[in-house]
Engineer: 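Below are the structure tokens for one structure; questions will follow.
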Protein chains: 2
Amino acid sequence: MDSIGFQQHDHSHCIAEAIAAAEERCKAEKLQFTPARRRVLEILLEQHRAMGAYEILEILAAEGLGSQPPVVYRALDFLVGHGFVHRIERMNAYTACTHPGEDHVPAFLICRLCKAVAEAETVLDGGRLGKAAHETGFVIEKIVVEAEGLCPACAETAA
Amino acid sequence: MDSIGFQQHDHSHCIAEAIAAAEERCKAEKLQFTPARRRVLEILLEQHRAMGAYEILEILAAEGLGSQPPVVYRALDFLVGHGFVHRIERMNAYTACTHPGEDHVPAFLICRLCKAVAEAETVLDGGRLGKAAHETGFVIEKIVVEAEGLCPACAETAA
DNA sequence: ACATCACATGTTATGATATAACGTTCGAGG
DNA sequence: CCTCGAACGTTATATCATAACATGTGATGT
Ligand SMILES: [Zn+2]
Ligand SMILES: [Zn+2]
Ligand SMILES: [Zn+2]
Ligand SMILES: [Zn+2]
């Protein structure tokens with residue numbers, strides 16, 4: 001079941017493309033795209049869904065890339081820190097960014113039944129939130145938006 | 001340090017008012033506003049900040065209201081489920097809703113330095129997120145917005 | 001070549017958050 | 001009364017994340 005976007009699609013090229021882009025960007029910014037980091041990003045791209053850290057770790061362990069939690073958390077810290085991966089707070093899970101490199105406010109649509117996640121595009125909210133923040137003197141540095149509901153498939157089943 | 005709203009204020013009346021309102025609503029909706037549930041809400045109102053479940057539990061335990069995690073998690077489930085309290089995903093923490101009863105999309109401003117939290121008002125996003133969801137057939141049931149940044153006090157200190 | 005330094009990794013242990021499961025209590029409604 | 005469901009008490013365990021410290025490794029300057 002492919003989840004992101006809630007649509008079936010062949011994404012073998014997404015993976016190759018995204019990895020190549022990440023590699024290039026790391027080169028440009030002198031970041032070390034080490035085997036563990038690369039493999040974690042690959043796994044998230046392959047699975048194309050939100051995954052828990054320990055779920056990723058199992059795969060790494062099976063491949064001999066490390067079996068202790070810090071291995072995967074370090075890789076995730078790097079990937080999240082540089083915008084290759086997003087953390088989904090509601091789920092304590094991680095998912096590959098669907099448009100890395102672009103400066104964006106990630107917004108997620110999370111199905112409460114099948115746990116599928118889609119990353120939607122949003123604009124930086126110039127509305128009430130920004131206004132409220134400005135009025136109180138709060139400086140917003142980062143916004144996350146997470147919506148819960150039913151994906152098309154589950155909505156149909158439930159109906 | 002009072003955090004919500006990032007302003008000092010006397011809120012003894014907020015507490016009494018909020019508790020009375022909760023009591024009334026529970027009566028109207030035949031919900032059981034039990035001692036543990038009431039006390040947890042009171043604690044969150046008194047402290048007027050985001051608190052971890054175990055932090056709340058310590059207070060309950062000191063007062064003889066229970067010492068095991070399920071005690072506080074059950075109370076929080078009830079309070080969150082009925083909108084008296086919000087869970088802040090980024091922090092694994094809980095805070096009393098500042099305008100319970102009203103149907104609203106909570107949005108939080110979270111200071112990354114002092115961890116103060118303000119609940120801002122937002123409107124249900126009729127913008128791109130809603131549009132993107134509608135296009136894919138996703139049914140949004142609930143949205144949370146969490147912004148990280150610097151509160152007025154910390155912004156000043158940092159500057 | 002060698003020292004040095006920054007960064008990444010290996011490993012052990014522990015901390016922090018949350019829930020499963022099961023038996024008991026207690027009050028509302030028949 | 002009796003029954004039922006909701007809340008509660010208790011034990012144990014699951015799940016998520018980080019601290020701390022030792023080790024390796026490659027770039028840089030001398
Ligand atoms: Zn993204
Ligand atoms: Zn679904
Ligand atoms: Zn609220
Ligand atoms: Zn602050």
Side-chain angles (χ1 to χ4, degrees), chain A residues 22-23 26-27 29-41 43-44 49-82 84-95 110 112 115 117 146, chain B residues 22-23 26-41 43-44 50-82 84-95 110 112 115 117 146:
Chain A
E23 196 153 62
C26 287
K27 200 169 207 172
E29 300 185 19
K30 304 228 187 295
L31 305 173
Q32 296 182 235
F33 199 47
T34 63
R37 292 169 178 179
R38 165 193 295 260
R39 187 65 189 118
V40 168
L41 180 56
I43 288 167
L44 286 170
R49 63 190 172 89
M51 300 179 74
Y54 279 70
E55 192 182 356
I56 297 167
L57 180 57
E58 275 179 25
I59 298 176
L60 293 181
E63 297 174 354
L65 281 169
S67 60
Q68 300 308 315
V71 170
V72 69
Y73 281 106
R74 283 168 179 160
L76 287 169
D77 282 351
F78 172 87
L79 295 168
V80 170
H82 293 92
F84 298 115
V85 164
H86 294 298
R87 172 177 163 84
I88 302 184
E89 302 291 344
R90 285 188 64 81
M91 305 177 72
N92 297 327
Y94 303 82
T95 193
I110 305 166
R112 72 172 149 83
K115 309 302 177 195
V117 173
E146 300 186 1
Chain B
E23 197 154 61
C26 287
K27 201 169 206 171
E29 300 186 20
K30 304 228 186 296
L31 304 172
Q32 297 183 233
F33 200 47
T34 63
R37 291 169 179 179
R38 166 193 296 260
R39 188 65 190 117
V40 169
L41 180 56
I43 289 167
L44 286 171
M51 299 178 74
Y54 279 69
E55 192 183 354
I56 296 167
L57 180 57
E58 275 180 24
I59 298 176
L60 293 180
E63 296 174 355
L65 280 169
S67 59
Q68 300 307 316
V71 170
V72 69
Y73 281 106
R74 283 166 180 161
L76 287 169
D77 283 350
F78 172 87
L79 294 168
V80 170
H82 293 92
F84 298 114
V85 164
H86 294 296
R87 172 177 164 81
I88 302 184
E89 303 291 345
R90 286 188 65 81
M91 305 177 72
N92 297 326
Y94 304 83
T95 193
I110 306 165
R112 73 173 150 82
K115 308 302 177 193
V117 174
E146 300 186 1

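So you know, we letter chains A, B, ... as the sequences are listed, proteins then strands, and number each from 1. Since this is a predicted model, take the numbers as computed values, not measurements.
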Engineer: What is the 5' to 3' range of DNA chain D, first to last nucleotide, that sits under 4.0 Å from any heavy atom of chain B?
Structural biologist: D/dA6 to D/dT11
Engineer: Search all heavy atoms of B/Arg39 against all heavy atoms of B/Leu60 and return the closest pair with its distance.
Structural biologist: CG-CD2, 3.8 Å
Engineer: Is there side-chain contact between A/Leu31 and A/Arg37, with heavy atoms separated by less than 4.5 Å?
Structural biologist: no
Engineer: Name every donor-acceptor pair, under 3.5 Å, that has one atom in a side chain of residues 65-76 of chain A and the other anywhere in the protein, sequence neighbours excluded.
Structural biologist:
none

Engineer: Once each nucleotide of nucleotides 25-30 of chain C is scored for protein heavy atoms under 4.0 Å, what B/S/- sequence comes out, 5' to 3'?
Structural biologist: ------
Engineer: Name the residue closer to the 5' end of DNA chain C, choosing between A/Pro69 and A/Arg74 according to the nucleotide with the nearest heavy atom.
Structural biologist: A/Arg74
Engineer: Separation of B/Lys115 atom NZ from C/dA16 atom P, in whole Å?
Structural biologist: 14 Å
Engineer: side-chain contact (heavy atoms from CB on, under 4.5 Å) with A/Val85: which of A/Thr95, A/Leu44, A/Val40?
Structural biologist: A/Leu44
Engineer: Counting the atoms with a prime plus P, OP1 and OP2 as sugar-phosphate, which does A/Tyr94 contact under 4.0 Å by heavy atoms, base, sugar-phosphate, or nothing?
Structural biologist: sugar-phosphate
Engineer: Please state how far atom CD in A/Glu89 lies from atom C1' in C/dT17, giving the value in whole angstrom units.
Structural biologist: 14 Å
Engineer: Tell me: CZ of A/Phe33 to P of C/dT9, nearest whole Å?
Structural biologist: 12 Å
Engineer: DNA chain D: B/Phe78 or B/Asn92, which has the more 5' nearest nucleotide?
Structural biologist: B/Phe78
Engineer: Looking at A/Arg112, is its backbone amide N or carbonyl O close enough to the side chain of A/Lys115 to form a donor-acceptor pair, meaning the two atoms are under 3.5 Å apart?
Structural biologist: yes
Engineer: Measure from the side-chain heavy atoms of A/Arg37 and tell me the nearest of C/dT12, C/dA18, C/dA8.
Structural biologist: C/dA8
Engineer: Could you state the atom-to-atom distance from CE of B/Met51 to P of C/dT17 in whole Å?
Structural biologist: 12 Å
Engineer: Measure the CD-CD1 distance between A/Glu146 and A/Ile110 for me, rounded to the nearest 0.5 Å.
Structural biologist: 4.5 Å
Engineer: I need the CD-P distance between A/Gln32 and C/dC5, as an integer number of Å.
Structural biologist: 18 Å
Engineer: Write down the atom of B/Phe84, the atom of B/Leu41, and the distance for their closest heavy-atom approach.
Structural biologist: O-CD1, 4.0 Å
Engineer: Take B/Val117 and B/Met91 through the test side chain to side chain contact (heavy atoms under 4.5 Å, CB included) and record every step on the way to the result.
Structural biologist: CA-CA 10 Å; B/Val117 174; B/Met91 305 177 72; 3.7 Å; yes
Engineer: Does B/Glu89 have any salt bridge (Lys or Arg N to Asp or Glu O under 4.0 Å) partners at least two apart in sequence or in another chain, and if so, which?
Structural biologist: A/Arg90, B/Arg87
Engineer: Taking only residues two or more places apart in sequence, or in another chain, which ones meet B/Glu58 in a salt bridge (Lys or Arg N to Asp or Glu O under 4.0 Å)?
Structural biologist: none
Engineer: Output the distance between atom CZ (A/Phe78) and atom OG1 (A/Thr34), rounded to the nearest 0.5 Å.
Structural biologist: 7.0 Å
Engineer: Could you check which residues of residues 52-68 of chain B get a heavy atom under 4.0 Å from DNA chain D? Sort them by number, please.
Structural biologist: B/Gln68
